[in-house]
Amino acid sequence: MDQTIKTVLDKNQGEPEFLQAVEEVYESVIPVLDKKSIYRKERIFERMTEPERIISFRVCWEDDNQDVQINRGFRIQFNSAIGPYKGGLRFHPTVNHSILKFLGFEQIFKNALTGIAMGGGKGGSDFDPKGKSDREVMRFCQAYMSELSHHIGHRIDVPAGDIGVGAREIGYMFGAYKMIKNEFSGALTGKGIDWGGSLIRPEATGYGLIFFAQYMLETHNDSLEGKSCLVSGSGNVAQYAMQKILQLGGKPLTCSDSSGFIYDEEGIDVEKLEFIKELKNVKRGRIKEYAEKYKSAVYTASEKGDDHNPLWDHKADCAFPCATQNEANEKDAENMIKNGISVVAEGANMPISNEGIKVLIDNGVMYAPGKASNAGGVATSGLEMAQNYYGLKWSADQVEEQLRQIMKNVHDSCLKAAEKYGMKGNYQAGANIAGFTKVADSMLDQGII
Ligand code: NDP
Ligand code: 2IT
C-alpha cells in the first residue's frame, strides 16, 4: 500500500464509512496522481481528506411529555476550494462522524461535477424524526438551528435536506434561522415555493438520476422505454425516480423502507405512486401498507443479519438503489447480474459496497456512482441559490431543462475523463477523476491552506 493512502487510513481508524469512500476515490485517481507529480508533492489527496472544519455541538430540547432530550448536532465544512460549503443535513439515529465525513467527502466531488461553484459540506444529527410529533420536530429544529445559525450563511455554507430532512424540517429550520439572524436570505435550499424555494428542487434528485440513466442507455442506442426497474427506498429520491421512470415509459417493480420492501409484479403505476407519496410524506406510514392495499404486491420484511438484500434478487433491466449507504453488497451485485440487470445508477450516496461495484463493472454492467448520478439534487439547490441571489423565479420547465442539461454535462464529463485515462465507458473512474482534478487544481492555485 502506498504512503498516501496509508497515512489517511491510519489517521481515520474507527471510521469505516469514511474510509470506504476515501478508498473508492483513491483507487480511481492513482493514475492522475502518477501522471501529475505536483499533486503528490503538494499532498493534495491528504489535504482533501482532512475536513477544513468540523463543528460538533449539543442540542437540547423538550419533548411532548416535557422530558428533556439531548442530541448531537454536527456540520462538517469539508472543502471550500471551488465555492461556499454546500450539502445536506441528515437526521437519523446512525449519524456520527464517520457517516458525515463520508457524505461530506463525496459531496466535494459531486458538487465539482455539477459545474456550479459549490464546495463540499454535510451535517445533521442523531435525532430520529420517526414517531415524533410535528411540534417535537419543530422544537428540535429550532434548538439545532440555534447553534448551526452561527456557522452558515448564503455565501458561507448552505445546507439542504437529506435522509430525515425534507420540506417540513427545512421550513422549521429556515424559520428559526430568520428569527435568530433577522435576515431573509438563501442560507438553506429546499425551501417552500412561496418563500424562496425553487420549482423542481423536490423532484430534482430522482429526476436527475433517471435522466442520467437515460443518457447511459443512449450510448448503447437504447432507452428506458419498456424497461423494468428495481428501486429501493420510498423517500424523496425514490419517489421522484419512480415518477420519471413512469414518464419515460419504464416500469418500477419494487420500493422499500428500513423495515422491508414490496415487489409488485404488475408494476407501480401513477396511481400507486400517489398512494406511496401520501403514505410516506403525509401519513408517515410504512411501505408494508402498500401490500395491504394492492394485492398484486408482496411484502418482505428485512431480516437482521441477512447476508444479502432480497430486493435485488428479482428479474429486471435496471436497478436504482435510492435508500442509504451499503444497501447492496457483492452478493447483491452477483444477484443483479444473474437476474439480467444491465444498468445500475445510484440515487443514494454509496449504496453499493466497493466489492459490489467491482463485480458490476467486471461483468460489463453499466454502473453510475452516486456522486455523478444523484448530482441533480445539489445542482438544483445551486439553481435555487442563483434565483435567491438575483431575486428571480424560474418556471418548472426552465428549471427542469437546466437540470437535464446539467445531468448531460455530468454524464459526458465522466465519459471524457475515463477515456482520457484509458478506461473508456467507466463512469466510476471518470466521475472520480473529473471531480478530483477540478478541486485539486483549484487547491493548487490557492496555495497551502
Ligand atoms: P428520505 O428520508 O426521504 O428517504 C430515505 C429512504 O431510505 C426511506 O425510505 C428510508 O426508510 C430508507 N432508509 C433510510 N435509512 C435506511 C436504513 N438504514 N436502512 C434501510 N432503509 C433506510 O431520504 P432521501 O430520499 O432524501 O435520501 C435517500 C438517499 O439519497 C440517501 O442516501 C441520501 O444521502 C441520498 N441523496 C439525497 C438527496 C436529496 O436531495 N434528498 C440528493 C442526493 C442523494 P425509513 O422510512 O424506514 O427510514
Ligand atoms: O447528497 C446530496 O447531494 C444531498 N443531500 C443534497 C444536497 C444539497 O445541498 O442539495
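Numbers for residues simply follow the sequence, beginning at 1. This one's a predicted model, so the numbers in the text were calculated from it and none came from an experiment. Only this structure's heavy atoms are used, side chains among them; waters, hydrogens and symmetry mates stay out. Counting starts at 1 for both ligands and their atoms, in listed order.
Within the 4.0 Å heavy-atom cutoff, Glu327 does not count among the residues contacting ligand 1. Residue-ligand proximity: Arg90 is placed with every non-hydrogen atom at 4.0 Å or more from ligand 2.
Between Ser234, Ser259, Ala375, it is Ser234 that holds the heavy atom closest to atom 9 (O) of ligand 1. The closest heavy-atom contact to atom 6 (C) of ligand 1, among the options Gly235, Ser373, Gly370, comes from Gly235. Summarising the contacts of atom 11 (O) of ligand 1 with Pro202, Ser258, Gly87, Cys255, the nearest heavy atom is found in Ser258.
Under 4.0 Å is where a charged nitrogen must lie from a carboxylate oxygen, and between Lys244 and Glu400 at least one such pair does. Salt bridge Lys331/Glu334: absent, no basic N to carboxylate O contact under 4.0 Å. For the pair Asp317 and Lys227, the salt-bridge criterion is not met [side-chain N within less than 4.0 Å of a carboxylate O]. Contact check on Glu401 versus Arg404 returns a salt bridge, with a Lys/Arg side-chain nitrogen under 4.0 Å from an Asp/Glu carboxylate oxygen. Of the charged side-chain nitrogens involved, at least one lies within less than 4.0 Å of a carboxylate oxygen, so that Glu24 and Lys371 count as a salt-bridged pair. Arg139 and Asp64 are joined by a salt bridge, as a carboxylate oxygen and a charged side-chain nitrogen come within less than 4.0 angstrom of each other.
When only non-hydrogen protein atoms are considered, atom 3 (O) of ligand 2 lies nearest to Lys110 NZ, 2.7 Å. Atom 9 (O) of ligand 2 has Lys86 NZ, 2.7 Å as its closest protein atom, hydrogens excluded (heavy atom only). Closest to atom 5 (C) of ligand 1, if we only count protein heavy atoms, is Ile163 CG1, 4.2 Å. Remark: minimum distance from atom 12 (C) of ligand 1 to any protein heavy atom is reached at Ala323 CB, 3.9 Å. With respect to atom 16 (C) of ligand 1, the closest heavy atom belonging to the protein is Thr324 CG2, 3.6 Å. Protein heavy atom at the shortest distance from atom 3 (O) of ligand 1 is Asn236 N, 2.9 Å. Here the protein heavy atom with the shortest distance to atom 10 (O) of ligand 2 is Ser381 OG, 2.6 Å. In terms of protein heavy-atom proximity, atom 37 (C) of ligand 1 is closest to Val237 CG2, 3.5 Å. Here the protein heavy atom with the shortest distance to atom 46 (O) of ligand 1 is Arg286 NH1, 3.5 Å. Among protein heavy atoms, the minimum distance from atom 33 (C) of ligand 1 is reached at Asp162 OD1, 3.2 Å. With hydrogens left out, the protein atom closest to atom 7 (C) of ligand 2 is Gly88 N, 3.5 Å, a heavy atom. Scanning the protein heavy atoms around atom 48 (O) of ligand 1, the nearest turns out to be Lys130 NZ, 2.8 Å.
At a 3.5 angstrom cut-off on N or O pairs, Leu103 does not count as close to ligand 1. The N/O atoms of Asp257, backbone and side chain alike, include none that comes under 3.5 Å of an N/O atom in ligand 1. Considering backbone and side-chain atoms alike, Asn374 places every N or O at 3.5 Å or more from each N or O of ligand 2. Any N or O atom pair closer than 3.5 Å counts here, and Gly161 shares at least one such pair with ligand 2. In terms of polar-atom proximity, Gly377 is not counted as a contact of ligand 1, lacking any N or O under 3.5 Å from an N or O of the ligand. In terms of N/O distances under 3.5 Å, ligand 1 is approached by Arg201.
Each of the following atoms of ligand 1 lies closer than 4.0 Å to a heavy atom of Cys322: 28 (C), 29 (C). Residue-ligand proximity, Gly347 to ligand 1, at heavy-atom distances under 4.0 Å covers atoms 30 (O), 35 (C), 36 (N), 44 (C). With ligand atoms numbered from 1 in the order given, ligand 1 contributes 29 (C), 30 (O), 32 (O), 35 (C) to contacts under 4.0 Å with heavy atoms of Ala348. Proximity to Gly233 (heavy-atom distance under 4.0 Å) selects the following atoms of ligand 1: 9 (O). Listed by number with element, the atoms of ligand 1 under 4.0 angstrom from any heavy atom of Ser256 are 9 (O). Against a heavy-atom cut-off of under 4.0 Å, Lys122 is close to the following atoms of ligand 2: 1 (O), 2 (C), 4 (C), 5 (N). Against a heavy-atom cut-off of under 4.0 Å, Arg201 is close to the following atoms of ligand 2: 6 (C), 8 (C), 10 (O). Interface of His92 with ligand 1, defined as ligand atoms under 4.0 Å from a residue heavy atom, comprises 15 (N). Ligand-side atoms of ligand 2 in range of Ala160: 8 (C), 9 (O), 10 (O), range being under 4.0 angstrom from any heavy atom. Heavy-atom proximity to Arg90, at under 4.0 Å, picks out these atoms of ligand 1: 31 (C), 32 (O), 33 (C), 34 (O).
Neither side chain, Glu266 nor Tyr294, offers a donor N or O lying under 3.5 Å from an acceptor on the other. Side-chain contact of Glu289 with Tyr299: a donor-acceptor pair under 3.5 Å is absent, judged by distance alone.
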CA sep, side-chain torsions, deciding dist, call: Gln405, Asn409, side chain to side chain donor-acceptor pair (under 3.5 Å): CA-CA 6 Å; Gln405 192 56 51; Asn409 294 345; 3.3 Å; yes
After noting the C-alpha distance and the side-chain angles of Glu106 and Asn349, does the key distance pass the side chain to side chain donor-acceptor pair (under 3.5 Å) rule? CA-CA 8 Å; Glu106 290 283 287; Asn349 287 307; over 6 Å; no
Kindly determine whether Arg155 and Tyr389 satisfy side chain to side chain donor-acceptor pair (under 3.5 Å), including the steps that lead there. CA-CA 10 Å; Arg155 289 308 219 191; Tyr389 194 70; 3.2 Å; yes
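When heavy-atom distances to ligand 1 are checked against a 4.0 Å cut-off, Thr205 comes that close only through its side chain, counted from C-beta outward. Under 4.0 angstrom from ligand 2, the non-hydrogen atoms of Gln107 all belong to its side chain. At a heavy-atom distance under 4.0 Å, no atom of Leu103 approaches ligand 2.
In this structure, Lys132 satisfies the cation-pi test against Phe127, with its NZ or CZ atom closer than 6.0 Å to the six-membered ring centre and inside 45 degrees of the ring normal. Cation-pi geometry between Lys178 and Phe184 is not met at under 6.0 angstrom from the ring centre and within 45 degrees of the axis.
The aromatic rings of Phe45 and Phe436 sit tilted relative to each other, their planes meeting at an angle between 30° and 60°. The aromatic rings of Tyr427 and His411 sit tilted relative to each other, their planes meeting at an angle between 30° and 60°. Using a 30° and 60° split on the angle between ring planes, Phe78 and Phe105 fall in the tilted class, from 30° to 60°.
Shown here is Lys358, whose NZ atom has no more than 12 heavy atoms of other residues, nucleotides or ligands within 6.0 Å.
For His314 and Phe261, the ring centers sit closer than 6.0 Å to each other.
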